[in-house]
Structures are given as structure tokens and as C-alpha cells.
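So the structure is just underneath, and the comments pick up after that.
Excluded from the calculations below are hydrogen atoms, water molecules and symmetry mates; all remaining heavy atoms, backbone and side chain alike, are included.
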Amino acid sequence: MKYQQVPISRLSSSGALLEQDGAWHPFGGDAGSWYRVHGRIVQRVTLEAGEDPSLLRLLEACGPLPSKALKEGFREVLTFRVHDDRYLLTGMLLRSYVGWDVLERAGRDLDVSLRFFGGNSLEYSVVIREWTPACVARALLAAKAFAMVGASLAQDAKQGIPHTESEIKGLLRTARDVFAEDLGLPHTEKPSRSAQHRQQSLFPD
């Protein structure tokens with residue numbers, strides 16, 4: 001599913017036309033597109049082929065995402081998917097550069113996977129180990145850190161500046177931790193296997 005959120009104040013007079021009862025409503029007559037007004041935030045979800053509207057209950061448990069965790073502000077479109085019984089934040093792109101495989105290996109520490117997408121693009125995904133507001137926010141921060149460090153490494157590659165895997169791991173962790181502190185998120189360990197098992201029950205068979 002693709003997700004967006006925007007402060008209702010940004011919608012001007014059109015915001016007054018939205019149902020503001022906290023429930024999900026079809027958006028623009030499209031059966032696959034939904035919105036709800038949660039406080040002063042409008043959440044919009046577009047379901048992809050094969051996805052069921054019951055997925056909307058995930059966002060009911062999570063609520064609007066913290067704006068500081070979003071990479072590009074309210075215009076950012078996020079893609080959440082289920083793959084191999086895991087939640088993924090996916091579909092994010094970086095510019096390809098010589099030596100990107102070192103970044104790919106370093107990103108595993110943040111549960112980030114990277115693949116060549118085609119042309120000059122790389123696509124990266126972040127595992128969300130448990131569907132809770134804190135875990136979703138941490139995945140967003142990992143993606144934000146990965147985008148920032150990846151862009152910097154691409155520039156360094158043009159100038160012939162090399163980086164080791166351990167150095168890149170340090171850059172990624174530092175960026176993520178700085179973002180987490182700004183958001184007020186404590187550093188926590190990965191959830192247990194039992195927690196990972198419980199999250200799978202959120203999705204219908």
C-alpha cells in the first residue's frame with residue numbers, strides 16, 4: 001500500500017469537504033484509495049493489486065507518522081508491503097555509483113537491503129520488525145539515514161574518495177541515532193522472535 005499524510009490546513013477550503021469522524025472513507029470514488037482525518041492530519045492510502053482494505057487497521061494502530069521522521073515532508077509517498085512474513089518500507093531510490101555494493105553490505109546493520117533497479121538507480125527497503133509506532137518510526141529514520149549517507153557516498157565516488165564498510169556502518173548508525181534523538185526515540189534492541197511471530201497475525205490469510 002502507498003501512504004501519504006498531510007496537515008489538513010494545507011488543503012485550504014477542500015479540507016472542509018472531508019469527513020472528519022476519524023473513520024476511513026473512499027477517496028475520489030476510487031475503490032482502491034482511502035482517506036481519514038486523524039486530528040489535524042489527513043491520511044491517504046492507495047491499495048495495490050491483491051491488497052485488502054483490512055490493511056487499513058495497521059494505520060489505526062499506528063496513527064499519523066511523526067513529521068520529523070519523514071524524508072521529504074508531507075508530499076512524500078511511502079510504500080509498505082508484506083514480503084516473506086515481514087513488513088517492509090520499500091520502493092525508495094538512490095543514484096547508483098561505483099562501489100555501491102559496499103553500501104549494500106553496510107546497510108544490513110540497519111535492516112536495509114539494496115538492489116540495482118536499472119538505469120542509474122538503486123532501490124532500497126527497510127524491514128519493520130514489529131508494527132508499532134516506534135518500530136515504524138525507526139524504519140523511517142533508517143531510510144532517511146540511508147538516503148543521506150548514500151547521496152554523500154555517491155558524491156565522494158565521483159571524486160575518487162574511497163570508504164570502507166566499517167566506516168559506512170558508522171556513518172549510517174550515527175545519522176540514524178542523531179535523527180532518533182531529535183525525535184525522542186530511545187535506543188532499543190531488536191524485538192524477540194516471539195514479537196516477530198505476533199506481528200504476522202495482523203494480516204488476514
Side-chain angles (χ1 to χ4, degrees), residues 1-5 24 32-34 43-66 68-72 76-94 96 100-118 121-150 165 168-169 171-173 175-177 179-180 183 185-205:
M1 63 179 175
K2 295 188 180 297
Y3 173 86
Q4 290 175 286
Q5 68 180 44
W24 290 99
S33 188
W34 300 78
Q43 298 174 284
R44 181 181 173 185
V45 171
T46 301
L47 298 175
E48 299 182 286
E51 293 183 332
D52 191 272
S54 62
L55 291 177
L56 296 173
R57 66 184 180 180
L58 290 175
L59 296 171
E60 292 175 2
C62 194
L65 302 175
K68 286 185 177 181
L70 301 179
K71 180 165 58 71
E72 299 173 3
E76 182 178 12
V77 179
L78 302 173
T79 301
F80 296 104
R81 291 202 178 106
V82 182
H83 180 70
D84 291 338
D85 295 324
R86 300 182 302 174
Y87 306 131
L88 290 180
L89 170 63
T90 189
M92 299 162 290
L93 299 178
L94 283 175
S96 180
W100 65 265
D101 55 308
V102 184
L103 173 63
E104 188 274 330
R105 293 194 300 271
R108 296 171 191 171
D109 270 11
L110 269 65
D111 285 331
V112 180
S113 61
L114 182 65
R115 72 179 183 93
F116 183 66
F117 186 71
S121 297
L122 303 167
E123 182 184 55
Y124 63 103
S125 303
V126 185
V127 173
I128 303 172
R129 291 185 169 267
E130 190 176 4
W131 194 273
T132 64
C135 286
V136 173
R138 287 191 184 93
L140 290 167
L141 297 181
K144 190 175 180 179
F146 199 80
M148 185 180 75
V149 172
E165 183 177 331
I168 296 173
K169 285 182 179 180
L171 291 171
L172 289 171
R173 285 194 299 267
R176 180 205 53 193
D177 291 348
F179 292 146
L183 199 61
L185 282 176
H187 297 168
T188 60
E189 304 225 342
K190 295 176 181 177
S192 65
R193 284 183 174 271
S194 61
Q196 294 180 46
H197 176 74
R198 287 196 302 273
Q199 77 179 36
Q200 297 172 20
S201 65
L202 290 172
F203 288 86
D205 293 330

How long is the straight-line distance from CG of L89 back to CG of D111, given to the nearest 0.5 Å? 12.0 Å

Tell me, please, which residues at least two apart from E51 pass salt bridge (charged side-chain N to carboxylate O under 4.0 Å, His left out). none

Locate the shortest heavy-atom distance separating Y124 from A143; write the atom from each residue and the value. OH-O, 3.4 Å

In short, L65 meets F80 closest at the heavy-atom pair CD1-CZ, 4.4 Å

Mind checking the CG-NZ spacing from L185 to K68? Nearest 0.5 Å is all I need. 11.0 Å

At what distance, to the nearest 0.5 angstrom, does CG of L94 lie from OG of S121? 9.0 Å

Short side-chain to backbone donor-acceptor contact, D52 and S54, under 3.5 Å: yes

Quick check: closest heavy atoms across I128 and A139, and the distance to 0.1 Å? CG1-CB, 3.6 Å

Going by heavy atoms in the side chains, are W24 and Q43 under 4.5 Å from each other? yes

So do M92 and F146 actually touch side chain to side chain, heavy atoms under 4.5 Å? no

Qualifying residue for side chain to side chain contact (heavy atoms under 4.5 Å, CB included) with T90, from V126, L78, T79: T79

Shortest non-hydrogen separation from K144 to F179 and the atoms involved: CG-CE1, 3.7 Å

Contact between I168 and E165 at the side-chain level, heavy atoms closer than 4.5 Å - yes or no? no

Got a second to check how far K2's NZ is from T46's OG1, nearest 0.5 Å? 8.5 Å

How about F116 and L122: do any of their side-chain heavy atoms sit closer than 4.5 Å? yes

Please give me the minimum heavy-atom distance between V112 and A142, naming the atom from each residue. CG2-CB, 4.5 Å

Side-chain heavy-atom pair V127, L88 within 4.5 angstrom cut-off: yes

Of all the heavy-atom pairs spanning A137 and P66, show the shortest one and how long it is. CB-CG, 4.1 Å

